[in-house]
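Here's the structure we're looking at; comments come further down.
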Amino acid sequence: MADKRNTLLFHLSDIHFGLEDNKALDWVHQEIAERRPQAVAITGDLTMRARNREFAAACHWIQSLDVPVTVEIGNHDMPYFNLVERFLAPYRRFNSIQGLIEREIDLPGIAIVPLKTAVRAQPRFNWSKGWVSRRSLARCLAAIDALPPGTKALVAVHHPLREVGTKGTALTYNGYKALCALAQRPVLAVLSGHVHDPFDISEDTAHGPVRMIGAGTLSQRIRSTPPSFNELTWDGATLKVRARNLEEVPTRDMQIDDVPENALPPREPGEPVAPVHQVPRTDPPVH
Ligand SMILES: [Fe+2]
Ligand SMILES: [Fe+2]
């Protein structure tokens, strides 16, 4: 059971039902049953290709958890093969699970607030990258501003908000703008997925730093670390992150030092894994 004095949250991401890792999912299911986190946040890419059967499998698994769950939409959760549906009703399939999930989760002194970064189309070649629209950001900021005084926000996104800085490697359009706005609010951290490796970094902005926490994947589409999820503990003053994995790799070895430059997942299994940008480790953070 969770320590009564602390808030325990599980941060899962990129399960990719259709290409999920069933051994890892069974383990996470058991962990949730035993530890009883107050909430589970899933930061997108619930499915592989947004197929109806993949959403049905996701529903079945989420329903079996018996704890509050919030799910943010990922780029893989919009129709991939049906372009007409992608343009006209991009969120219809994802919204079919709305009855199961909470949009915003409020816990004592802390709230999980969504910020959508996956969009149906973009004026650039690769639509799988992140995009924060003006409307999505405004909705997120309004939700944060409406929280009771003293409440801290955990902002749930799919794509990491950090702009890497060079053409072709920027992850999320308007990501820096969003970070600047979040830095001016009581935001504990931004929780994300998409890159399939866990991280816990502080991103500087003109308005102060913002903590960015990424969860790994629970799918077979692993990058540089085994399937994992993040265990977050909030004691009212400090947010601790522990990357959990079946292979018992220590958290600091699980957490990559930087968001990979190329955060695009390979299209299909069997395709070469995208290279991971590794910054030489000097003094790894311990959380
Ligand atoms: Fe993914
Ligand atoms: Fe993704």
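None of these values were measured; they are calculated from a predicted model. Read the numbers this way: they start at 1 and go in the same order the structure lists the ligands and their atoms.
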Across all chains, not counting sequence neighbours, the salt bridge (charged side-chain N to carboxylate O under 4.0 Å, His left out) partners of Asp145 are Arg185
For Ser228, enumerate each residue passing the side-chain contact (heavy atoms from CB on, under 4.5 Å) test, keeping only those at least two apart in sequence or located in another chain. Pro198, Asn245, Met254
Metal site the Fe ion (ligand 1): N/O/S of His196 inside 2.8 Å: yes
Looking at Asp45, which of its N, O or S atoms is the nearest one to the Fe ion (ligand 2)? OD2
2.8 Å cut-off met by an N, O or S atom of His158 to the Fe ion (ligand 2): yes
Could you check whether His16 and Thr217, counting side-chain N and O atoms only, form a donor-acceptor pair closer than 3.5 Å? no
Looking at the Fe ion (ligand 1), which N/O/S atom of Asp14 is the nearest one? OD2
The residue among Asp14, Thr172, Thr43, Asn75 that forms side-chain hydrogen bond (donor to acceptor under 3.5 Å, both in side chains) with His194 is Asn75
Which atom name does His194 have for its N/O/S atom nearest to the Fe ion (ligand 2)? ND1
Assess, by modelled atom type and distance only, whether the side chains of Asn6 and Thr233 contain a donor and an acceptor separated by less than 3.5 Å. no
